[in-house]
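Following: one structure in structure tokens, then a few remarks.
Start at 1 and go down the list; that is how both ligands and their atoms are numbered. For the numbers below, each heavy atom of this structure counts, side chains included, while hydrogens, waters and symmetry mates do not. Keep in mind it's a predicted model, so treat the numbers as computed, not measured.
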Amino acid sequence: MRRVVEVALGARSYPITIAAGLLDDADAIRACVGGRHVLVVSNEVVAPLLLDKLRAALADRAVTCVVLPDGEVQKSLAGADRLFAALARAGASRDATVIALGGGVVGDLAGFAAALWMRGVPFVQIPTSLLAMVDSSVGGKTAVNLSQGKNLVGAFHQPRAVLIDPLVLATLPKRELRAGLAEVVKYGAIGDAAFFSWLEHHAEALLTLRPDSTAEAIERSVRHKAGVVARDEREDGERALLNFGHTFGHAIEALGAYRGLNHGEAVAVGMTLAAELSARIGMATSAEHDRLNDLLARLELPTRVPHGYAATQLLDAMRLDKKALSGELRLILWRGIGQAEVVGGLADARILETLRAGGAA
Ligand code: NAD
Ligand code: GLY
């Protein structure tokens, strides 16, 4: 079964196609590539698994492949420079297409290069991690990291198409699968109570990658994100809700020097902290918080701040998050499952007591 979700952005609209075996469909891949030159960006983990299929599908094009080492460190200006050098060597002009074949790291970097090469060339996302399928491949945020912080240099550059083949998740490490599931839960938590209930009924099926449940979870997630992006592409309003749990989560990642909890795990803890804070200020009941905790725990995600992290240090790190507008901390909280809101003007004491209740020292 082929599922197609449209990101409606006028002339820049694009389809997200979800189908088991899509990467074996050479016609579907070729249809996304207009010109002669193609730069495929992948990494040393994903390329041995999937690059041959893509090369075979694009046998009639001038294909250049850059296979990067694995890891977030590749999402850098140096990484982008490597892609620009490959495009220049290939003689790629404005009709070149950049294809990202990998997780969010490859997708963000390849998209960044596509946004800048000759002031912007077409770009296709083939996400291979669950997180990239349900979040980073959709919506056109591209970026690289600086030593001063994550995603500080970037551009909005929408892909021409997103091709999702859920079968590729079979090789994804379980920890990465769970990280992606945290972002799936986020969509239910912020705006879709029916999807949240569905997730409660399908948690085990998702952990074991049952094909029908996995495809449905991906479709419902990207449908939610596509709607938000269509209404608020540049994050002037509603798109900020997608950061539910992220300001807490980014602080947890930063305190662990990006070697502790991974992004999805930190977001899982962050979402429970946001729910806890919402209950403390009377926005929501603690029963809602308990429901979120239970679902995350069933998905084998952490729900407590790692041992030894100080609440005061976490609050300092939260202030550095780039989502903190001109020094004022604005958090995404909720009125209960499916009802997220941006909240500013929160007292430090409330945030500190929430962090301590969630396990911080
Ligand atoms: P990742 O790209 O590092 O992938 C996670 C791990 O899984 C890597 O080791 C990767 O090599 C491996 N992997 C990927 N697909 C695989 C497969 N099919 N089989 C086996 N191994 C596979 O990390 P991620 O979680 O996919 O993405 C995180 C990145 O995404 C971060 O840089 C984050 O900032 C970015 N991000 C961007 C957006 C956005 O809107 N642009 C949104 C969320 C996250
Ligand atoms: N990952 C948040 C966004 O795309 O806006």
Side-chain angles (χ1 to χ4, degrees), residues 7 23 41-51 53 67-76 79 100-112 115 123 125-145 149-159 162 164-184 186-187 190 209 221-222 224-247 249-250 253-254 258 261-267 321-323 332:
V7 183
L23 287 192
V41 185
S42 192
N43 77 16
E44 287 173 357
V45 175
V46 176
L49 301 169
L50 300 170
L51 188 55
K53 287 183 195 231
V67 177
L68 300 160
D70 194 20
E72 180 77 27
V73 73
Q74 298 306 317
K75 220 179 91 175
S76 62
L101 177 69
V105 167
V106 164
D108 278 12
L109 176 67
F112 179 77
F123 169 49
Q125 286 271 19
I126 305 184
T128 64
S129 69
L130 181 60
L131 185 139
M133 291 176 184
V134 299
D135 190 356
S136 61
S137 65
V138 176
K141 282 188 180 176
T142 78
V144 297
N145 305 325
K150 268 192 75 166
N151 296 332
L152 287 181
V153 182
F156 283 96
H157 187 59
Q158 299 291 344
V162 182
I164 299 178
D165 182 347
L167 291 184
V168 309
L169 296 175
T171 54
L172 188 70
K174 288 292 171 215
R175 188 176 175 194
E176 299 297 341
L177 177 71
R178 294 192 292 265
L181 288 172
E183 299 284 0
V184 172
K186 178 189 77 180
Y187 293 114
I190 63 176
L209 277 178
S221 298
V222 299
H224 185 119
K225 182 153 185 185
V228 172
V229 169
R231 291 186 294 272
D232 179 24
E233 184 183 9
R234 299 260 164 170
E235 200 171 313
D236 297 317
E238 180 188 0
R239 188 163 179 173
L241 300 180
L242 297 176
N243 299 317
F244 184 59
H246 281 59
T247 302
H250 288 157
E253 283 182 277
Y258 300 97
L261 295 189
N262 67 27
H263 179 72
E265 291 165 341
V267 166
D321 190 76
K322 75 173 172 357
K323 273 121 201 150
I332 315 305

**OP:** Kindly assign one of parallel, tilted or perpendicular to the pair His246 and His263, based on the angle between their ring planes and the thresholds 30° and 60°.
**Re:** perpendicular

Contact region, Val229 to ligand 2, non-hydrogen atoms below 4.0 Å, reads neither

Of Gly103, Gly264, Gly180, Ser42, the one whose closest heavy atom lies nearest atom 4 (O) of ligand 1 is Gly103

Under 4.0 Å between heavy atoms, the region of Lys141 that gets near ligand 1 turns out to be both

Going by the 4.0 angstrom heavy-atom rule, the piece of Asp70 near ligand 1 is side chain

Asp70 side chain reached by Glu44 side chain, heavy atoms, under 4.5 Å | no

- Item | Close N or O approach (His263, ligand 1; < 3.5 Å) | no

closest protein heavy atom to atom 17 (C) of ligand 1 is Thr171 OG1, 3.5 Å

Going by the 4.0 angstrom heavy-atom rule, the piece of Val138 near ligand 1 is neither

Among non-hydrogen protein atoms, atom 23 (O) of ligand 1 lies closest to Gly104 N, 4.1 Å

Under 4.0 Å between heavy atoms, the region of Thr142 that gets near ligand 1 turns out to be neither

Under 4.0 Å from one or more heavy atoms of Val105, ligand 1 contributes atoms 1 (P), 2 (O), 3 (O), 27 (O), 29 (C), 32 (O)

If you measure every N/O of Lys150 against every N/O of ligand 1, is any gap under 3.5 Å?
yes

Checking heavy atoms under 4.0 Å, the part of Glu72 that sits near ligand 1 is side chain

Q | Side-chain touch Leu209/Lys174, heavy atoms, less than 4.5 angstrom | A | yes

Honestly, for Asn262 the part within reach of ligand 1 (heavy atoms, under 4.0 Å) is neither

the protein heavy atom lying closest to atom 4 (O) of ligand 2 turns out to be Lys225 NZ, 2.6 Å

Any nitrogen or oxygen of Ser129, main chain or side chain, under 3.5 Å from a nitrogen or oxygen of ligand 1?
yes

Ranked by distance from atom 43 (C) of ligand 1, the top protein heavy atom is Asp135 OD2, 3.5 Å

Inset, instruction - Would you check whether Val46 has a nitrogen or oxygen atom less than 3.5 angstrom from a nitrogen or oxygen atom of ligand 1? - result: no

When distances are taken from atom 22 (C) of ligand 1, the protein heavy atom at minimum range is Leu172 CD1, 3.6 Å

Answer with yes or no whether Lys225 contacts ligand 1, where contact means a heavy atom under 4.0 Å from a ligand atom.
-> yes

- Query: Looking only at N/O atoms, are Asn243 and ligand 2 under 3.5 Å apart anywhere?
  - Reply: no

re atom 21 (N) of ligand 1, the protein heavy-atom contact at minimum distance is Val45 CG1, 3.5 Å

Is Tyr187 close to Val222 at the side-chain level, that is, under 4.5 Å between some pair of heavy atoms?
no

Going by the 4.0 angstrom heavy-atom rule, the piece of Pro173 near ligand 1 is side chain

Open item on the list: With the threshold set at under 4.0 angstrom, would you say Glu183 reaches ligand 2 through any of its heavy atoms?
Closed with: no

Of Asn43, Leu131, Leu50, the residue with the heavy atom nearest atom 28 (C) of ligand 1 is Leu131

of all protein heavy atoms, closest to atom 35 (C) of ligand 1 is Asp108 OD2, 3.3 Å

Under 4.0 Å between heavy atoms, the region of Lys75 that gets near ligand 1 turns out to be side chain

When distances are taken from atom 1 (N) of ligand 2, the protein heavy atom at minimum range is Asp135 OD1, 3.1 Å

Minimum side-chain heavy-atom gap Leu130-Val134 below 4.5 Å = yes

Side chain to side chain, Val168 and Leu49, heavy atoms closer than 4.5 Å: no

